[in-house]
Amino acid sequence: MRRERQSLDLPRWVWPLACILALFFSLPAAAQTSAVHTASIPHLRAAVHVDGRLDEPVWSQLTPISDFVQTEPTEGAPASEKTEAFFFYDDDNLYFGFKCYDSEAHKIVARYDMHDARTWSDSINIFLGPYGDRRSGYFFSVNARGVQYDALMKEGQELDGTWDGIWQSAARLEEWGWSVEVAIPFKSIRFRLGENWGLNLGRDIVRKNENDNWQMVTRFDKFMRPSKAGELTGIENVRPGRNLEVIPYFAARTRRSAPSPLDNGQKYEGGADLRWGLGPNLAFNATLNPDFDDTEADEMNITISRYELFFPEKRTFFTEGADFFSTPMYLFYSRRIGERLTDGNGLSNGQPQRLLFGAKLTGKQGPWSIGVMETRTQDTNFSITDPASGKRLNEFAPGANFFVLRVAHDIGKNSSIGFLTVNRDQAAGDVGSTERVHAVDLNLFLGPHWIWQSQAGYNQNQVISGGGVQRATFGSLAKYNSDKWELRASYKFLGRGFDITQIGIEPETDRHSADLDLIYKPFLNRYYIRQLFLELNYDTAVDTSSLLQDAGADASAKAEFKNFWTVKARYSYDRARFNQFTPNFALLAPTRVYIEPRMMYQITTNENRPVSFTYLFVHRKEAEFHENFYGREQRHELGLLLHAFGRTKVQFSGVYDREFLMDGTPFQDRRLLITRLNQQFTTKWRARVLAQFVNNRHGRTWNINSIVAYDFTARSAFFAGYNYQRSHDIFQLSPIPLLNPMRPSDLGNEFFVKFSYLFRF
């Protein structure tokens with residue numbers, strides 16, 4: 001039998017790209033010139049009542065840190081207002097105290113908000129690197145009203161605000177400014193014994209758009225980085241404690257007017273979460289019959305794309321410690337666990353599959369980082385309506401086991417090499433199938449300006465037959481970033497048989513794609529302009545037979561003014577391959593490449609002000625696969641942010657999208673309105689309402705997601721909520737008209753209460 005030879009069939013542009021990358025890495029890296037500050041922390045036995053006053057005798061015995069310098073608005077300049085930071089530790093806690101003097105104390109911006117919210121307020125910031133590896137750490141922030149924000153930090157990544165620690169803080173406004181006290185239990189964090197810790201301290205003065213730090217933070221870094229932190233010495237002979245947390249919950253809900261009468265009625269459920277600190281570096285999490293009713297709904301999106309849209313994970317069990325499972329590609333997408341039930345024909349009953357239990361182990365041992373997760377979803381029988389016949393179909397979704405293992409090993413100063421395996425095991429049924437992916441990755445941080453990330457993976461699935469290299473993927477990204485220049489170059493290969501739709505999110509298959517992006521960003525600080533951003537971009541994608549799928553070139557200019565307003569203009573010239581359309585929008589088998597030129601203009605005001613807005617206008621030609629449409633689009637987007645009375649935050653976003661055929665005939669108008677209201681009555685009591693409305697030629701959808709909550713801690717609370725979603729379809733595909741023109745994803749009216757409480761041992 002003759003065996004077909006497998007080939008990557010590399011397109012011609014791959015070799016010029018390789019030459020560009022070779023030149024790219026030959027550029028010299030700028031030296032890091034900022035001196036590393038060092039501070040010693042004393043061990044003291046003193047009683048501190050965390051009320052923000054700093055009136056205990058211990059604070060007067062300490063020598064404060066006060067040499068803060070600006071990152072914004074003037075890099076390297078002394079802080080415009082005096083800040084004093086104090087710290088010490090005892091056997092159980094780290095203590096920090098700040099005195100934030102202000103020559104115009106009546107102008108301090110102090111707003112109430114929920115835990116982990118961006119408050120746009122004056123605040124103090126603390127970075128701790130307890131591993132001593134200059135790769136990772138914890139970020140703590142307290143605003144002038146005592147609102148907490150905490151997050152995990154990893155070098156080269158965004159803040160992971162999904163981590164919620166148990167720590168105390170309080171702030172107090174004074175005639176001379178404001179003060180804050182912080183107590184961080186050792187059992188709330190993970191650390192390495194016998195190491196010096198990373199440390200940085202900062203302050204934000206919102207009305208001046210000012211950010212000050214003890215250890216210098218450059219403008220191109222924008223934010224504290226673990227690798228560029230100062231050093232904290234003197235922490236000795238401390239232990240993390242047992243750190244066992246149990247959070248049981250009880251929930252009750254009632255639903256009316258759901259699409260299926262079977263979903264109406266009352267339900268009562270209970271379960272529990274468990275967190276156990278296994279020594280100073282590892283944590284074990286488990287959840288039994290979890291409830292996610294208090295999770296905020298996804299924002300609606302009227303973008304029409306031939307690819308699946310990405311929505312962020314919001315469920316607490318999956319967001320906590322998510323950074324331990326992250327890799328350069330989205331080979332693991334936790335929202336696949338318990339996602340909405342949809343059969344092989346795309347028919348859905350709109351309900352998620354129940355998660356029965358989950359367990360994971362995350363942490364770091366020496367140079368090794370590890371994440372292990374196992375979850376199980378419930379066997380589910382459900383019914384759907386076939387739009388072609390109007391008949392009710394019975395479907396079965398077998399329960400699935402998800403096993404994820406992520407291991408990474410530190411190499412060099414800040415680099416790592418890692419392995420990932422994601423396994424979905426599922427019996428035969430109408431929804432879902434067994435699928436696996438295994439991958440290795442390399443992350444190199446070559447000094448303060450260079451990053452190179454690569455990943456290669458192999459997929460096993462039951463959807464596509466065959467194997468070899470066409471089941472593989474490979475991607476590589478190189479990035480250079482400095483004060484004036486930013487350069488990104490990437491390449492990705494996805495074989496014809498690479499399909500991870502059951503476990504990850506990678507909308508493309510059968511592709512060679514590449515992207516090259518160059519940004520020049522001089523800091524002018526004259527002629528009313530602070531900084532300019534001039535960008536050129538080119539991207540292209542062909543299938544494995546070298547047939548063009550997508551290609552585009554972009555040029556943009558952006559100016560940030562001294563008042564922190566920004567304006568931006570962008571021109572794009574894109575080409576995309578879609579199925580060919582007839583004048584009456586019937587779909588034809590042959591394909592063609594559509595030209596999609598686009599002009600975009602945007603203006604954004606200073607977000608630190610009580611009222612700010614952004615406006616975006618887009619004019620382009622577009623092809624929409626799902627609508628069988630090729631024509632012109634005019635898109636208007638408006639975003640508004642309002643802070644009122646120090647406790648109320650209103651966010652509004654609206655989209656008005658007009659589409660025309662090429663001859664100017666109107667095709668459809670699409671509208672999207674989203675309003676989010678947050679009311680903080682106290683630091684404990686809060687309310688949240690998310691209201692959304694979508695309207696297009698297919699119909700209308702209304703959605704309301706609301707709660708009133710009392711937070712016992714960052715991890716336990718009492719919730720009372722109301723959810724509503726209702727759709728009305730104008731066009732019915734079924735020859736048999738439905739009595740209720742609702743969509744399967746509709747909720748009807750749902751009321752719920754949930755109570756959870758943290759027991760800590």
J.: Within the 4.5 Å heavy-atom criterion, are M224 and M153 side-chain neighbours or not?
T.: yes
J.: Could you go through the side chain to side chain contact (heavy atoms under 4.5 Å, CB included) check for R658 and R670 one step at a time?
T.: CA-CA 6 Å; R658 305 198 67 192; R670 294 186 285 151; over 6 Å; no
J.: Check G270 against N289 and note the closest heavy-atom contact, atom names and distance.
T.: O-ND2, 2.9 Å
J.: Using the test side-chain hydrogen bond (donor to acceptor under 3.5 Å, both in side chains), find all partners of S612 that sit at least two apart in sequence or belong to another chain.
T.: none
J.: Between R256 and E750, does at least one N-O distance fall below 4.0 Å, as a salt bridge requires?
T.: no
J.: Roughly how far, to the nearest 0.5 Å, is CG of D102 from CG of D122?
T.: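 Here the rounded value is 7.0 Å.
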J.: Would you please name every residue forming a ring-ring contact (aromatic ring centres under 6.0 Å, His included) with F325, sequence neighbours left out?
T.: none
J.: Suppose we screen for salt bridge (charged side-chain N to carboxylate O under 4.0 Å, His left out). Which residues come up paired with E269, at least two apart in sequence or across chains?
T.: R253, R354
J.: At their closest point, which heavy atom of T362 faces which heavy atom of G371, and how far apart are they?
T.: CG2-CA, 4.2 Å
J.: List in chain and number order the residues that pass ring-ring contact (aromatic ring centres under 6.0 Å, His included) with F755, two or more places apart in sequence or in another chain; answer none if no residue qualifies.
T.: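 Only F712 meet the ring-ring contact (aromatic ring centres under 6.0 Å, His included) criterion with F755.
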J.: With the side chain counted from C-beta on, respond yes when N606 and W565 share a heavy-atom pair under 4.5 Å apart, and no when they do not.
T.: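 Heavy-atom side-chain distance check passes, below 4.5 Å.
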J.: Taking only residues two or more places apart in sequence, or in another chain, which ones meet Q70 in a side-chain hydrogen bond (donor to acceptor under 3.5 Å, both in side chains)?
T.: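 Listed in chain order: nothing, the list is empty.
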J.: Applying side-chain hydrogen bond (donor to acceptor under 3.5 Å, both in side chains) to T566 and E560, what does each step give before you reach the verdict?
T.: CA-CA 4 Å; T566 62; E560 182 183 78; over 6 Å; no
J.: Do NZ/NE/NH1/NH2 and the carboxylate oxygens of R671 and D657 come within less than 4.0 Å?
T.: no
J.: Taking the six-membered ring of Y112 (Phe, Tyr or Trp), confirm whether the NZ or CZ of K649 is under 6.0 Å from its centre and within 45° of its axis.
T.: no
J.: Calculate, to the nearest 0.5 Å, the distance between atoms CD and CG belonging to E245 and N285 respectively.
T.: 9.0 Å
J.: Let me have the donor-acceptor pairs involving side chains of residues 163-170, under 3.5 Å, with sequence neighbours excluded, atom names and distances please.
T.:
from: D164; atom 1: OD1; to: H115; atom 2: NE2; distance (Å): 3.2
from: W167; atom 1: NE1; to: D150; atom 2: OD2; distance (Å): 2.8
from: S169; atom 1: OG; to: Q148; atom 2: NE2; distance (Å): 3.0

J.: Can E104 and K208 be counted as an ion pair, charged N to O under 4.0 angstrom?
T.: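 Result for this pair is no, no salt bridge flagged.
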J.: Quick one: are M373 and F332 in side-chain contact, heavy atoms under 4.5 Å?
T.: yes
J.: Mind running salt bridge (Lys or Arg N to Asp or Glu O under 4.0 Å) on D711 and R686 for me, showing each step along the way?
T.: CA-CA 8 Å; D711 298 307; R686 59 186 171 91; 2.7 Å; yes
J.: Partners of K82 by salt bridge (charged side-chain N to carboxylate O under 4.0 Å, His left out), sequence neighbours excluded?
T.: E84
J.: Does N703 form a side-chain hydrogen bond (donor to acceptor under 3.5 Å, both in side chains) with Q725? I'd like the steps, not just the answer.
T.: CA-CA 4 Å; N703 174 279; Q725 181 160 314; 2.6 Å; yes
J.: Which heavy-atom pair separates N125 from F98 by the least distance, and what is that distance?
T.: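 Taking N125 first and F98 second, the nearest heavy atoms are O-CZ, 4.4 Å.
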J.: What is the distance from atom CZ of F564 to atom CG of N209, rounded to the nearest 0.5 Å?
T.: 4.0 Å
J.: What's the verdict on side-chain hydrogen bond (donor to acceptor under 3.5 Å, both in side chains) for T71 and N213, showing C-alpha distance, side-chain angles and the deciding distance?
T.: CA-CA 7 Å; T71 298; N213 295 281; 3.2 Å; yes
J.: Does K568 make a cation-pi contact with Y601, if we ask for NZ or CZ under 6.0 Å from the ring centre and within 45° of the axis?
T.: no
J.: What pairs with T605 under side-chain hydrogen bond (donor to acceptor under 3.5 Å, both in side chains), at least two apart in sequence or on another chain?
T.: none
J.: Quick one: do E155 and R225 satisfy salt bridge (Lys or Arg N to Asp or Glu O under 4.0 Å)? Show the steps, please.
T.: CA-CA 6 Å; E155 185 68 18; R225 285 178 57 175; 2.4 Å; yes
J.: Under 4.0 Å between a side-chain nitrogen and a carboxylate oxygen: does that hold for D113 and R111?
T.: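 No, D113 and R111 are not salt-bridged.
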J.: At their closest point, which heavy atom of S179 faces which heavy atom of L54, and how far apart are they?
T.: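 What the structure gives for the nearest pair is CB-CD1, 4.2 Å.
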J.: Compute the centroid of each ring, for F68 and then for W214, and state whether the two points are separated by less than 6.0 Å.
T.: no
J.: Might you point out which heavy atoms bring N678 and Q651 nearest each other, and give the distance in Å?
T.: OD1-OE1, 4.4 Å
J.: Roughly how far apart are W178 CH2 and L173 CG, rounded to 0.5 Å?
T.: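 Between W178 CH2 and L173 CG, I get 8.5 Å after rounding to 0.5 Å.
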J.: Using 0.5 Å steps for rounding, measure from the SG atom of C100 to the CZ atom of R203.
T.: 4.5 Å
J.: Excluding sequence neighbours, so at least two apart, what forms ring-ring contact (aromatic ring centres under 6.0 Å, His included) with F223?
T.: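 ring-ring contact (aromatic ring centres under 6.0 Å, His included) list for F223, sorted by chain: F139.
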J.: Ring centres under 6.0 Å, that's the criterion: do F759 and Y757 meet it?
T.: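 Yes: the rings meet the under 6.0 Å criterion.
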J.: Just to verify, what does R118 make a side-chain hydrogen bond (donor to acceptor under 3.5 Å, both in side chains) with, not counting sequence neighbours?
T.: E607
J.: Flag the pair E210 / D212 as yes when at least one side-chain heavy-atom distance between them is below 4.5 Å, and no otherwise.
T.: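 E210 vs D212: side chains touch.
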J.: Drop me the distance from Y615's OH to I603's CD1, to the nearest 0.5 angstrom.
T.: 10.5 Å
J.: For a quick test of reading the model, state the closest non-hydrogen atom pair linking E313 to T319 and the distance between them.
T.: O-CG2, 3.4 Å
J.: Among residues at least two apart in sequence or on other chains, which ones pass ring-ring contact (aromatic ring centres under 6.0 Å, His included) with F751?
T.: Y722
J.: Could you check whether any side-chain heavy atom of N723 comes within less than 4.5 Å of a side-chain heavy atom of F752, counting everything from C-beta outward?
T.: yes
J.: Only counting residues at least two apart or in another chain, list the ones meeting salt bridge (charged side-chain N to carboxylate O under 4.0 Å, His left out) with D116.
T.: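 Counting only residues at least two positions away or on another chain, D116 forms no salt bridge (charged side-chain N to carboxylate O under 4.0 Å, His left out).
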J.: When you compare the side chain of R570 with that of K558, does any pair of heavy atoms fall below 4.5 Å?
T.: no
